[in-house]
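Here's the structure we're looking at; comments come further down.
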Number of protein chains: 2
Amino acid sequence: MPASKVTDEFLLEKVAEVFRIHGYEGASIRLLSQATGLERASLYHRFPGGKEEMAAAVVARTCEWFGRHVFSPLQAGGSPEERLRRVAANLRDFYRRGTLWCVLDVMTLGGGPDALLARVRAAYSAWLKAFEGIAREAGMSASTARSRAQQALIGIEGSLVLARVTGDSRPFLRVLQDLPALLGAARSE
Amino acid sequence: MPASKVTDEFLLEKVAEVFRIHGYEGASIRLLSQATGLERASLYHRFPGGKEEMAAAVVARTCEWFGRHVFSPLQAGGSPEERLRRVAANLRDFYRRGTLWCVLDVMTLGGGPDALLARVRAAYSAWLKAFEGIAREAGMSASTARSRAQQALIGIEGSLVLARVTGDSRPFLRVLQDLPALLGAARSE
DNA sequence: GTCTATAGCTTGATAGAC
DNA sequence: GTCTATCAAGCTATAGAC
């Protein structure tokens, strides 16, 4: 096959960036073209399904990242708290210390295709389940584990919203710091 | 002045609804026209500043609501916990038990005018400060009060995101239920 | 695989009749 | 105060040269 002007990885990175900032509806093909350095028609060559396929690819890429940097480490060796510290560090890098917004959050506003919402919904479910699993492993009851997992996700998403609006990302860093204790240490509920 | 086809209140209500669902960029004039029942040109008559003025009006209306149903009750009579219970009930109604999304969250994606972001930023600051104030009054240290206020906002925004994506609004209701204890009772940090 | 050119529709916004 | 009609610019998407 002929040489590509930009690698798949670079392309997806830039596309994700635009979706993350503008949401599905706000991410126009022109904006995506400018961000990637590819003309609009070339973008359609790489993503024949157009905007919807680009968004799907971004979600798939995010899911893949979570598999490798969240779900896998949670099932690796070491104590639950050790594993959670590693995951927290990964999440901190992924969201660039709170300066990036959550693409899964931002893509689910109205106006997007239903299939996209379904994919994101599934991703959140998997995330929640992974957090729940580690909490169970740390010795919590089923209901406590579920509640803590929700708390963890709420903390991450909420602090990212706060960071976006107020410009202060310290609460996000604190949420991550508290993650090992929240999910990895069975305390009184 | 001649009779209006729709009242200011109805108009703002419908406009807010569209912005809440689609964000600033996704809320098109046509969509706003359909939602309000007014033709596009009539919308420009009511809001000469166009889309930007509509969004500003929505934010102003939200701020007004917060003044009346959050800030005021927090400074009214009764113990901090009693006041917080009242505020939590108001917030539960405002977000329709977690089925509505936060317009302040949704409007701050990229693509919106800077002035809008500034207004929302100010609104969040006021909200944070109000929560901080009641926590101080409940006997917490300055730093604890600030941290708890952030936690409260994170919980509300995060659980609304979770409700939007997963469709489960129970975590939101639980966050509100925990609000009086979080901000109104000085415990060990 | 990328490009220029273009199609057809939607966008935000305005002019002017009633 | 609301409407129909209209504008230029933007949109998603496609056709076809290189």
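In what follows, chains are A, B, ... by sequence order, proteins preceding strands, each numbered from 1.
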Item to check | Under 4.0 angstrom between B:His45 side-chain N/O and D:dG1 OP1 or OP2 | outcome: yes

Checklist entry - Looking at B:Ser42, does any N or O in its side chain come under 4.0 Å of the phosphate oxygens OP1/OP2 on D:dC3? => result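 So the side chain of B:Ser42 is within the cut-off, an N or O lying under 4.0 Å from OP1 or OP2 of D:dC3.
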
Item to check | side chain to side chain donor-acceptor pair (under 3.5 Å) partners of residues 101-115 of chain B, not counting sequence neighbours, each pair once | outcome: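 Qualifying pairs: A:Arg164-B:Asp105, A:Arg164-B:Thr108.
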
Item to check | Interatomic distance, B:Gln34 CD vs D:dT2 P [rounded to whole Å] | outcome: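 Roughly 17 Å, once rounded to whole Å.
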
Checklist entry - For A:Leu32 and C:dT2, what is the distance between atoms CG and P respectively, to the nearest whole Å? => result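 Value for this atom pair: 15 Å.
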
Item to check | Check against side-chain hydrogen bond (donor to acceptor under 3.5 Å, both in side chains), B:Arg174 and A:Ser147 | outcome: CA-CA 10 Å; B:Arg174 209 183 49 201; A:Ser147 162; 3.2 Å; yes

Checklist entry - Got a sec, which residues hit ring-ring contact (aromatic ring centres under 6.0 Å, His included) with A:Tyr124, two or more places apart in sequence or on another chain? => result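 Checked A:Tyr124 against ring-ring contact (aromatic ring centres under 6.0 Å, His included); zero matches.
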
Item to check | The single option from A:Val18, A:Leu12, A:Ile29 passing side chain to side chain contact (heavy atoms under 4.5 Å, CB included) against A:Met54 | outcome: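 Single pass found, and it is A:Ile29.
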
Item to check | Ionic contact status for A:Arg68 with A:Glu64, cut-off 4.0 Å | outcome: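 Yes, A:Glu64 and A:Arg68 are salt-bridged.
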
Next on the checklist: Between A:Arg61 and A:Glu9, does any side-chain N to carboxylate O distance fall below 4.0 Å?
Outcome noted: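 Not counted as a salt bridge, because no side-chain N and carboxylate O are separated by less than 4.0 Å.
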
Item to check | Which nucleotide in C:dT4, D:dG1, C:dG1 has an atom nearest any side-chain atom of A:Glu39 | outcome: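 When the side chain of A:Glu39 is considered, C:dT4 is the closest of C:dT4, D:dG1, C:dG1.
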
Enumerate the protein-to-nucleotides 11-14 of chain D contacts in which both atoms are nitrogen or oxygen and the separation is below 3.5 Å.
{"unit_1": "D:dC11", "atom_1": "OP1", "unit_2": "A:Ser28", "atom_2": "OG", "d": "3.1"}
{"unit_1": "D:dC11", "atom_1": "OP2", "unit_2": "A:Arg30", "atom_2": "NE", "d": "3.4"}
{"unit_1": "D:dT12", "atom_1": "OP1", "unit_2": "A:Ile29", "atom_2": "N", "d": "3.4"}
{"unit_1": "D:dT12", "atom_1": "OP1", "unit_2": "A:Lys51", "atom_2": "NZ", "d": "3.2"}
{"unit_1": "D:dT12", "atom_1": "OP2", "unit_2": "A:Ile29", "atom_2": "N", "d": "2.6"}
{"unit_1": "D:dA13", "atom_1": "OP2", "unit_2": "A:Tyr44", "atom_2": "OH", "d": "3.0"}
{"unit_1": "D:dA13", "atom_1": "OP2", "unit_2": "A:Lys51", "atom_2": "N", "d": "3.3"}
{"unit_1": "D:dA13", "atom_1": "O5'", "unit_2": "A:Tyr44", "atom_2": "OH", "d": "3.4"}

